Amino acid sequence: MKKICGSNQSGRSMIEMLGVLAIIGVLSVGGISGYSKAMAKYKVNKTLDQLSMLITNIRTLYANQVSYEGLNGKAAVGFELVSQDMAPGVTLGTTPSDEPSLVNPFNGKVTIAATTDKTGFAISYAGLDRQACVAIATADWGGSASSGLVSIKITKEYTWSGTNKLPITLVTAGTECASASDNTIVWTYN
């Protein structure tokens with residue numbers, strides 16, 4: 001008798017390959033989800049670092065001045081108060097002819113200005129998603145008015161005294177930061 005078909009099969013079956021692909025798919029989804037969460041946390045931390053640096057730089061520059069007159073985005077760029085990543089395409093240390101477009105890590109607009117009476121300054125961060133807005137609004141911005149913080153505004157203004165009191169709680173921030181992708185927070189300091 002002759003053996004007509006004497007081949008031994010080697011390799012993986014189709015079912016085994018589908019199982020491997022399913023496992024790879026599940027791991028990929030988990031990896032993408034973890035990456036997205038890590039990037040969101042990175043952006044919040046970068047925003048907090050930018051704000052702390054910006055507030056410190058402004059207060060240091062104006063420490064011996066009687067007012068914050070003239071403080072705006074142009075002055076912030078000219079005096080190198082902002083980081084380079086906040087002013088893309090603008091050379092720090094030079095005064096631009098127009099008000100520069102300052103951006104935050106969420107690609108929202110950053111505005112810096114002296115208050116109307118020039119005794120303080122305000123910093124505005126726009127384009128924050130809900131989670132970032134809550135995390136940033138509830139960060140430790142100082143324990144009392146002696147920190148220089150006058151108010152934080154999302155939709156309502158929160159101060160150390162009055163109806164809406166600082167610090168902002170998580171529940172309050174969750175309500176205030178209801179927009180999914182376009183929240184603005186304004187900090188006022190003196």
Side-chain angles (χ1 to χ4, degrees), residues 36-77 79 81-83 85-87 99 101-190:
S36 296
K37 287 178 184 177
M39 281 306 296
K41 186 171 176 92
Y42 168 78
K43 286 180 179 181
V44 167
N45 288 337
K46 182 137 178 92
T47 299
L48 293 172
D49 289 345
Q50 275 184 355
L51 278 162
S52 295
M53 179 211 53
L54 187 56
I55 292 162
T56 301
N57 288 348
I58 291 170
R59 293 182 84 188
T60 301
L61 180 67
Y62 283 87
N64 295 322
Q65 303 298 310
V66 294
S67 75
Y68 288 94
E69 187 169 349
L71 178 62
N72 57 24
K74 287 170 72 169
V77 168
F79 289 117
L81 303 177
V82 297
S83 59
D85 58 342
M86 289 179 72
E99 186 74 17
S101 295
L102 301 177
V103 295
N104 62 45
F106 295 91
N107 290 321
K109 185 176 181 179
V110 175
T111 306
I112 303 166
T115 56
T116 327
D117 64 2
K118 311 289 189 247
T119 61
F121 64 92
I123 300 171
S124 168
Y125 268 52
L128 303 173
D129 63 32
R130 185 170 193 262
Q131 288 180 333
C133 179
V134 170
I136 294 166
T138 57
D140 182 14
W141 295 107
S144 67
S146 65
S147 67
L149 178 66
V150 175
S151 68
I152 297 176
K153 181 180 180 187
I154 305 169
T155 57
K156 297 177 192 163
E157 190 165 25
Y158 293 84
T159 61
W160 295 108
S161 60
T163 309
N164 303 316
K165 292 188 185 264
L166 286 173
I168 299 174
T169 65
L170 281 172
V171 172
T172 302
T175 303
E176 288 282 302
C177 301
S179 172
S181 63
D182 195 23
N183 291 292
T184 299
I185 301 177
V186 180
W187 294 265
T188 304
Y189 279 82
N190 62 11

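Please read all numbers here as calculations on a predicted model, not as lab measurements.
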(request) Using side chain to side chain contact (heavy atoms under 4.5 Å, CB included) as the criterion, point out the one residue from Thr111, Thr188, Ile58 that pairs with Ile123. (result) Ile58
(message) Test your reading of the model: is there a side-chain donor-acceptor pair from Trp187 to the backbone of Phe121, 3.5 Å cut-off?
(response) no
(message) For Ile168, is there any backbone N or O sitting under 3.5 Å from a side-chain donor or acceptor partner on Thr172?
(response) no
(request) Take Lys156 and Thr163, measure what side-chain contact (heavy atoms from CB on, under 4.5 Å) needs, and give me the verdict at the end. (result) CA-CA 10 Å; Lys156 297 177 192 163; Thr163 309; over 6 Å; no
(request) Looking only at non-hydrogen atoms, find the nearest pair between Leu149 and Trp160 and report the distance. (result) O-NE1, 2.8 Å
(request) Kindly say whether Ala126 contributes a backbone atom to a donor-acceptor pair with the side chain of Asn104 at under 3.5 angstrom? (result) yes
(message) Is the ring pair Tyr68/Tyr62 parallel, tilted or perpendicular, if the boundaries are 30 and 60 degrees?
(response) tilted
(request) Apply side-chain contact (heavy atoms from CB on, under 4.5 Å) to Val150 and Thr115, showing your working. (result) CA-CA 11 Å; Val150 175; Thr115 56; over 6 Å; no
(message) Tell me whether Asn183 contacts the main-chain N or O of Leu128 through its side chain, where contact means a donor paired with an acceptor under 3.5 Å.
(response) yes
(request) Name all residues meeting the side-chain contact (heavy atoms from CB on, under 4.5 Å) criterion together with Thr155; count only those two or more places apart in sequence or in a different chain, and write none if there are none. (result) Glu176
(request) Apply ring pair (Phe, Tyr, Trp, His ring centres under 6.0 Å) to Phe106 and list each qualifying residue two or more places apart in sequence or on a separate chain. (result) none
(message) If you compare all heavy atoms of Ala122 against all heavy atoms of Val186, which two are closest, and at what distance to 0.1 Å?
(response) CB-CG1, 4.1 Å
(message) So which atom in Asn164 and which in Glu157 form the shortest heavy-atom distance, rounded to 0.1 Å?
(response) CB-O, 3.3 Å
(request) Please determine which of Leu71, Asn72, Val77 meets the side chain to side chain contact (heavy atoms under 4.5 Å, CB included) test together with Lys74. (result) Asn72
(message) Going by the rule side-chain contact (heavy atoms from CB on, under 4.5 Å), which residues pair with Gln131 if we only count those two or more places apart in sequence or in a different chain?
(response) Asp129
(request) Test Arg59 against every option in Ile55, Thr56, Asn57 by the side chain to side chain contact (heavy atoms under 4.5 Å, CB included) rule and name the one that passes. (result) Ile55
(request) Evaluate side-chain contact (heavy atoms from CB on, under 4.5 Å) for Ser124 paired with Thr184, printing each intermediate quantity in order. (result) CA-CA 7 Å; Ser124 168; Thr184 299; 3.4 Å; yes
